[in-house]
Every structure is written in structure tokens, then in C-alpha cells.
**Student:** 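Sending over a structure as C-alpha cells; questions will come in a sec.
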Amino acid sequence: MKYNYLLILLFLFNFCFSQSRLTKELQLFKSENFDDVTSARKYLLGLHNKEVISALIEMSKDTSFVELKNTGDLIYPGTKRFYGHGWNVRYDIDWLSARAGWLLEEITFQNFGFLKKEISYNELVEITNDKLILKRNDEAERILTYRKIIADEAEKWWMKNENEWTDYYALSEALKSYNVYRWDLAIHYLRFGDYIFKNLNIENYTKELKPKLIEISNSKNSESASFQAKLLLNDDENYWYSNKKIK
């Protein structure tokens with residue numbers, strides 16, 4: 001009885017600690033300091049779980065502008081100085097909605113639309129199927145309205161898929177899709193991701209994922225995805241797998 005009691009206490013302690021750490025890292029991810037953002041991003045990407053997805057969907061509704069500092073040679077829409085090299089992030093991550101979408105899409109291997117930085121008045125009307133009270137030349141207002149819409153769409157998607165979602169299933173579905181951006185996300189994870197998902201092993205890779213990678217490598221829809229798929233397929237020693245850590 002005493003042993004069971006101690007186990008319960010240990011479980012509660014670990015649960016509270018993990019939730020506290022998650023809250024802390026999510027707050028750091030909203031920081032203006034890019035070093036804090038990258039550190040939190042690495043931690044959240046490593047968790048790669050449902051709690052993080054739910055939190056990022058909530059954050060995607062935040063329309064705050066938090067201009068990044070200490071970005072070094074980062075290349076992104078808010079870049080003030082270009083050094084001729086650097087990490088290229090195409091999301092407008094000074095906006096917390098886009099910053100959440102950046103990580104959300106990487107974890108889920110989905111293309112919700114957070115990458116889009118320009119949206120016309122007519123496109124918004126088409127999306128909402130309604131007339132919008134917007135200044136036609138106010139691009140910032142259009143983009144924020146668009147992000148609110150896709151945040152709602154992401155939330156609806158999660159409500160529908162949360163119970164059945166697994167990271168391996170998400171990876172597999174991305175490769176089966178005909179969305180080139182989802183291909184890029186999935187192949188990038190396979191080549192450079194740090195952690196091994198449950199059910200991701202050489203047998204499942206060979207039987208289920210490799211055939212799709214062969215299709216992508218021969219696709220004319222995306223030169224980038226095709227090239228990256230070929231590089232992965234040329235890894236006969238499966239270093240992409242052995243270099244990953246177990247979660």
C-alpha cells in the first residue's frame with residue numbers, strides 16, 4: 001500500500017513538473033529574444049505530442065506583434081540586415097500567430113496556410129464567402145484576418161483528429177498527400193529530425209514509407225521534394241534512422 005502511494009506521488013510530481021516545463025517553454029517561444037525562441041522550439045519539437053499541438057493552436061489565435069531581437073543571420077520576412085547566408089525561415093514570425101503556425105505545421109506535417117504572407121481582399125471574400133469590412137489596401141489587416149480564419153480551421157481539424165492522431169500516422173499521411181509543402185516537411189523530418197517516433201522503424205519505413213518516397217523522387221510537382229527524396233533513398237545504410245534518438 002505504501003509502495004503504491006509513493007508511486008502515485010511520483011507520478012503526480014512528474015506530471016506537474018512536465019506541465020510546468022511546458023508552460024515555461026511556451027512562454028519562451030513567445031519571447032522577443034530569438035535565442036529563447038530557438039531553444040523553446042527545440043524543446044517543443046522534441047515533445048512532438050498532443051499537448052504541444054493544442055497549445056500551438058491556441059497560440060495561433062494570438063494576433064500580437066513581437067518583433068524579434070538578436071536574430072543574427074536569420075533570414076525571414078522581418079530581416080533588417082542580410083549577411084549573404086543564414087537560416088531561412090519563410091514564416092513572418094514577428095507575429096505570434098505565424099510563429100505558432102511555423103511550429104504547428106512542422107509537428108503535424110500539415111499545410112494550414114500560415115506560410116502565406118500575402119492575401120488579397122478578393123481571396124478573403126472567397127474564403128469567408130461573405131463581404132468583409134476591410135480597407136482594400138490594408139494588407140496587414142487582411143493577413144491578420146486570414147490568419148484568424150486558418151487558426152479556426154486548424155482548431156476544427158484538431159477537434160476532428162485529436163483522438164486518433166499519432167506522429168507516425170501524420171508523417172505517413174503527409175507523404176501520401178499531393179501537397180508538396182507537406183512532402184518537404186515529412187522528408188525534412190526523416191533526413192534531419194532528432195527523435196524516432198513510435199512505430200517508425202526500418203521495417204515500416206521499407207514497407208510503407210519508401211514506396212511513397214520513390215513516387216515523390218520521380219514527381220515533377222516539386223524539384224526540391226524530388227531531390228530530397230532521392231538523397232534519402234540513396235542512404236543505403238539508414239543513417240537517417242540510426243542518427244535519431246529514442247523519445
Side-chain angles (χ1 to χ4, degrees), residues 19 22-23 25-31 37-38 40-66 68 76-78 89-121 123-130 132 134 139-189 193 197 225:
Q19 291 301 109
L22 176 58
T23 301
E25 297 295 340
L26 286 166
Q27 198 58 42
L28 285 174
F29 190 58
K30 297 178 182 180
S31 169
V37 171
T38 54
R41 176 185 175 276
K42 183 176 181 179
Y43 175 80
L44 297 170
L45 197 56
L47 289 180
H48 218 280
N49 61 23
K50 293 181 178 182
E51 288 77 15
V52 174
I53 294 172
S54 296
L56 289 172
I57 287 175
E58 192 61 33
M59 179 178 165
S60 72
K61 303 173 188 177
D62 190 334
T63 57
S64 302
F65 181 82
V66 180
L68 290 169
Y76 79 115
V89 174
R90 294 182 292 164
Y91 293 79
D92 197 354
I93 54 176
D94 283 333
W95 296 92
L96 292 188
S97 53
R99 195 181 302 180
W102 171 41
L103 187 52
L104 177 64
E105 293 187 344
E106 187 167 0
I107 289 175
T108 61
F109 305 109
Q110 289 287 331
N111 181 12
F112 294 112
F114 288 99
L115 185 61
K116 193 174 180 69
K117 296 180 290 295
E118 296 180 3
I119 186 78
S120 71
Y121 178 88
E123 282 180 291
L124 270 182
V125 170
E126 185 176 339
I127 291 168
T128 60
N129 198 27
D130 197 3
L132 297 170
L134 288 174
E139 183 178 326
E141 187 179 356
R142 289 199 301 271
I143 292 171
L144 283 178
T145 301
Y146 173 72
R147 289 200 188 121
K148 288 177 183 177
I149 293 168
I150 59 177
D152 287 341
E153 290 302 310
E155 185 172 45
K156 291 175 185 175
W157 168 84
W158 189 232
M159 289 174 65
K160 181 180 178 181
N161 292 279
E162 180 178 6
N163 291 336
E164 305 298 326
W165 188 90
T166 68
D167 34 26
Y168 178 77
Y169 177 77
L171 174 68
S172 176
E173 288 300 300
L175 292 175
K176 292 176 184 176
S177 75
Y178 289 93
N179 187 297
V180 295
Y181 183 61
R182 294 181 69 190
W183 288 354
D184 286 339
L185 290 171
I187 296 171
H188 184 272
Y189 161 75
F197 299 156

**Student:** Do I187 and L175 have side chains that get closer than 4.5 Å, going by heavy atoms?
**Tutor:**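 In short, these two side chains touch, coming nearer than 4.5 Å.
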**Student:** Do the side chains of W102 and V37 get nearer than 4.5 Å, heavy atoms only?
**Tutor:**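 SC-SC contact between V37 and W102 confirmed.
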**Student:** Quick one: closest heavy-atom pair of N49 and V52, and the distance?
**Tutor:**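 Looking at all heavy atoms of both residues, the shortest contact is OD1-N, 3.0 Å.
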**Student:** So, taking the atom named CG in L56 and the one named CZ in R99, what distance separates them when rounded to the nearest 0.5 Å?
**Tutor:**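 It comes to 12.0 Å.
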**Student:** Measuring from K50:NZ to D167:CG, what's the distance to the nearest 0.5 Å?
**Tutor:**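 Taking NZ in K50 and CG in D167, the distance rounds to 10.0 Å.
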**Student:** Considering all heavy atoms of both residues, which atom of D94 and which atom of L68 are nearest to each other, and what is their separation?
**Tutor:**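 Heavy atoms only, the tightest pair is OD1-N, 2.8 Å.
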**Student:** Is there a donor-acceptor pair closer than 3.5 Å between any side-chain N or O of E105 and the backbone N or O of G113?
**Tutor:**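 Side chain of E105 to backbone of G113, a donor-acceptor pair under 3.5 Å: yes, one is there.
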**Student:** Once rounded to the nearest 0.5 Å, what's the spacing between atom CD1 of I143 and atom OG1 of T63?
**Tutor:**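 Reported to 0.5 Å precision, the distance equals 13.0 Å.
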**Student:** Between atom CH2 of W95 and atom OG of S64, what is the distance when rounded to the nearest 0.5 Å?
**Tutor:**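 W95 CH2 to S64 OG: 9.0 Å, rounded to 0.5 Å.
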**Student:** Are any of the side-chain nitrogens in E155 or K61 under 4.0 Å away from the carboxylate oxygens of its partner?
**Tutor:**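 Answer for the salt bridge query: yes.
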**Student:** Angle between ring planes, Y91 versus Y181, binned at 30° and 60°: parallel, tilted or perpendicular?
**Tutor:**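 Aromatic pair Y91/Y181 classed tilted.
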**Student:** Once you measure the plane-to-plane angle for Y189 and H48, does it fall in the parallel (<30°), tilted (30-60°) or perpendicular (>60°) bin?
**Tutor:**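 It falls in the tilted class, 30° to 60°.
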**Student:** List the atom of S54, the atom of E162, and the distance in Å for their closest heavy-atom pair.
**Tutor:**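 Minimum heavy-atom contact is OG-OE2, 4.0 Å.
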**Student:** Before we go on, tell me: are the rings of F29 and Y43 under 6.0 Å apart, centre to centre?
**Tutor:**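 Distance test on ring centres: not under 6.0 Å, no.
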**Student:** Using 4.0 Å as the upper bound for N to carboxylate O, is an ion pair formed by E106 and R41?
**Tutor:**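 Result for this pair is yes, salt bridge flagged.
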**Student:** Closest approach of R90 and L115, non-hydrogen atoms and distance?
**Tutor:**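 Shortest heavy-atom contact: CB-CD1, 3.4 Å.
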**Student:** Nearest 0.5 Å, what's the OG-CG distance between S97 and D92?
**Tutor:**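 These two atoms lie 8.5 Å from each other.
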**Student:** Atom OH of residue position Y169 - does it have more than 12 heavy atoms of other residues, nucleotides or ligands inside 6.0 Å?
**Tutor:**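 Check fails, neighbour count at 12 or below.
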**Student:** Between W165 and T108, what is the shortest heavy-atom contact and its length?
**Tutor:**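 Closest approach of W165 to T108, heavy atoms only: CZ2-CA, 4.3 Å.
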**Student:** Applying salt bridge (charged side-chain N to carboxylate O under 4.0 Å, His left out), name anything that partners K30, two or more places apart in sequence or on another chain.
**Tutor:**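 None.
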**Student:** Quick check: closest heavy atoms across A225 and D184, and the distance to 0.1 Å?
**Tutor:**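 Distance-wise, the nearest heavy atoms are CB-OD1, 3.5 Å.
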**Student:** Starting at NZ of K176, measure out to CG of L171 and round the result to the nearest 0.5 Å.
**Tutor:**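 That separation rounds to 10.5 Å.
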